[in-house]
Amino acid sequence: DETRYLKGAPDLVVEVRSPDDSLSALHRKIQDYFANGTKLAWVILPEERAVLVFTPNAPTRTAIAGESLDGGELLPDLKIPVDALFA
């Protein structure tokens, strides 16, 4: 039933890579989110203890230990230390 699902996509998407997820499949998923209106996406890489930061029409950035994630223009007051995700 179509009425059970929202139209569009969330402004911020957070995905956690599982051992079975390929990076190419996750990248395609993020592009689908962007095509539907998402403005910022984080893919958490537990094994690498890093986070891929995606924004539309910009290069992907990798945030590592010692760095922080931020909400950019979408959530300007949001700051999360990458280390805190793996504590």
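FYI, the numbering just counts along the sequence from 1.
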Check: [Y] main-chain N/O paired with [X] side-chain donor or acceptor under 3.5 Å:
X: D70; Y: L78; result: no
X: S22; Y: A25; result: yes
X: T38; Y: P10; result: yes

Closest approach of [X] to [Y] (non-hydrogen atoms, all atoms of both residues):
X: N36; Y: D32; answer: ND2-O, 2.9 Å
X: V16; Y: P46; answer: CG1-CG, 3.8 Å
X: R61; Y: S68; answer: NH2-O, 3.7 Å
X: E15; Y: L26; answer: OE1-CD2, 4.3 Å
X: I44; Y: V14; answer: CD1-CG1, 3.7 Å
X: I30; Y: A41; answer: CD1-CB, 3.7 Å

*Same cluster for L74 and I80 if Ile/Leu/Val/Met/Phe/Trp/Tyr side chains link at under 4.5 Å?*
yes
*Residue pairs, two or more places apart or on separate chains, that pass ring-ring contact (aromatic ring centres under 6.0 Å, His included) and touch residues 23-66*: H27-F54
*Apply side chain to side chain contact (heavy atoms under 4.5 Å, CB included) to V51 and V43, showing your working.*
CA-CA 5 Å; V51 181; V43 175; 5.9 Å; no
*So how far is it from L12 CG to K39 NZ, rounded to the nearest 0.5 Å?*
11.0 Å
*Kindly compute the distance separating CD (E67) from OG1 (T62), expressed to the nearest 0.5 Å.*
9.0 Å
Do [X] and [Y] make a side-chain contact, defined as non-hydrogen atoms from C-beta onward lying under 4.5 Å apart?
X: V82; Y: I64; answer: no
X: P19; Y: E47; answer: yes
X: T60; Y: V53; answer: no

*Inspect the contact between R17 and E48 and indicate whether a charged nitrogen and a carboxylate oxygen are less than 4.0 angstrom apart.*
yes
*Given side chain to side chain contact (heavy atoms under 4.5 Å, CB included), test L52 with L45 step by step and report yes or no.*
CA-CA 8 Å; L52 299 177; L45 307 172; 3.8 Å; yes
